[in-house]
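These notes concern the structure reproduced below.
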Amino acid sequence: QVQLVESGGGLVQSGGSLRLSCVASGSIYRIYNLGWYRQAPGKQRELVSLISTSGNTEYADSVKGRFAISIDNAKNTVYLQMDNLKPEDTAAYFCYGLIVSEGLGYRDDYWGQGTQVTVSS
């Protein structure tokens, strides 16, 4: 079984910064990608950023230049540094992993429980 556990959410004023962390653990055979999605009330879940274990990154247009994703392969941990936060960044942020577990033998999508980020104006 694979688990993703996020930390680092909270309340911040507009223009402030937060850093999210997510640790993948359990019966992991191989990680392809780790990343972050977010979901605001009444809206669909959307991609924020992804990173492969080789370091290739992808960002939503709305966060380019403000957010930075990084990965520590030795720790199976992904980070999201969020700077110049805006009220429209307010959402639940979910860690995502495309992972092959030792039990399944094929890659599958895994999700964390989510961490709330609230940006006040």
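Positions are given from 1 along the sequence.
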Distance (rounded to the nearest 0.5 Å) between [X] [atom1] and [Y] [atom2]:
X: Phe94; Y: Cys22; atom1: CZ; atom2: SG; value: 12.0 Å
X: Ile99; Y: Leu34; atom1: CD1; atom2: CG; value: 5.5 Å
X: Trp36; Y: Tyr79; atom1: CH2; atom2: OH; value: 10.5 Å
X: Lys75; Y: Ser25; atom1: NZ; atom2: OG; value: 14.5 Å
X: Ile31; Y: Tyr110; atom1: CD1; atom2: OH; value: 11.0 Å
X: Arg66; Y: Asp83; atom1: CZ; atom2: CG; value: 9.0 Å

Holding to ring pair (Phe, Tyr, Trp, His ring centres under 6.0 Å), I want the full list of residues that pass it with Tyr96, two or more places apart in sequence or in another chain.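 Tyr96: ring pair (Phe, Tyr, Trp, His ring centres under 6.0 Å) contacts with Tyr37, Trp111.
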As a quick check of understanding, evaluate side chain to side chain contact (heavy atoms under 4.5 Å, CB included) for Met82 and Leu20, giving each step before the final call. CA-CA 8 Å; Met82 305 185 293; Leu20 304 183; 3.7 Å; yes
Can Ile28 and Asn76 be said to form a side chain to side chain contact (heavy atoms under 4.5 Å, CB included), step by step? CA-CA 9 Å; Ile28 296 171; Asn76 289 343; 3.9 Å; yes
Heavy atoms only: give me the nearest Pro87-Ser14 pair and the separation to one decimal.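 Closest heavy-atom pair between Pro87 and Ser14: CD-OG, 3.8 Å.
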Considering non-hydrogen atoms only, spot the tightest contact between Val78 and Cys95 and give its length.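 Where Val78 meets Cys95 most closely, the heavy atoms are CG1-SG, 4.0 Å.
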Arg19: which residues meet the salt bridge (Lys or Arg N to Asp or Glu O under 4.0 Å) condition with it, sequence neighbours left out?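 By the salt bridge (Lys or Arg N to Asp or Glu O under 4.0 Å) rule, Arg19 matches no residue at all.
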Donor-acceptor contacts, no H, no angles, side chain residues 48-64, under 3.5 Å, sequence neighbours left out:
residue: Ser49; atom: OG; partner: Glu58; partner atom: O; Å: 2.9
residue: Ser52; atom: OG; partner: Ser54; partner atom: N; Å: 3.3
residue: Ser52; atom: OG; partner: Ser54; partner atom: OG; Å: 2.9
residue: Ser52; atom: OG; partner: Gly55; partner atom: N; Å: 3.3
residue: Ser52; atom: OG; partner: Asn56; partner atom: N; Å: 3.0
residue: Ser54; atom: OG; partner: Asn56; partner atom: ND2; Å: 3.3
residue: Tyr59; atom: OH; partner: Ile69; partner atom: N; Å: 2.8
residue: Asp61; atom: OD1; partner: Lys64; partner atom: NZ; Å: 3.1
residue: Ser62; atom: OG; partner: Arg38; partner atom: NH2; Å: 3.4

Quick check: do Leu4 and Val23 have side-chain heavy atoms less than 4.5 Å from each other?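 No, side chains not in contact.
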Check whether any side-chain heavy atom of Leu85 sits under 4.5 Å from a side-chain heavy atom of Leu18, and report yes or no.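 Yes; the side chains approach each other to less than 4.5 Å.
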Between Gln116 and Thr90, does the side chain to side chain contact (heavy atoms under 4.5 Å, CB included) criterion hold? Intermediate values first, please. CA-CA 8 Å; Gln116 181 66 34; Thr90 295; 4.0 Å; yes
Check for a donor-acceptor pair, side chain of Thr115 on one end and backbone N or O of Gly9 on the other, with a separation under 3.5 Å.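 Yes, Thr115 side chain to Gly9 backbone: donor-acceptor pair under 3.5 Å.
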Using modelled atom types only, decide if a donor and an acceptor are shared between the side chain of Glu6 and the backbone of Gln113 within a distance under 3.5 Å.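 Looks like yes, one N/O pair under 3.5 Å.
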Decide side chain to side chain contact (heavy atoms under 4.5 Å, CB included) for Arg107 and Arg30; before the verdict, give the C-alpha distance in whole Å, the side-chain angles of both, and the deciding distance to 0.1 Å. CA-CA 8 Å; Arg107 59 187 184 182; Arg30 179 178 177 180; over 6 Å; no
Val5 with Leu98, same ILVMFWY side-chain cluster at under 4.5 Å: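 No, Val5 and Leu98 fall in different hydrophobic clusters.
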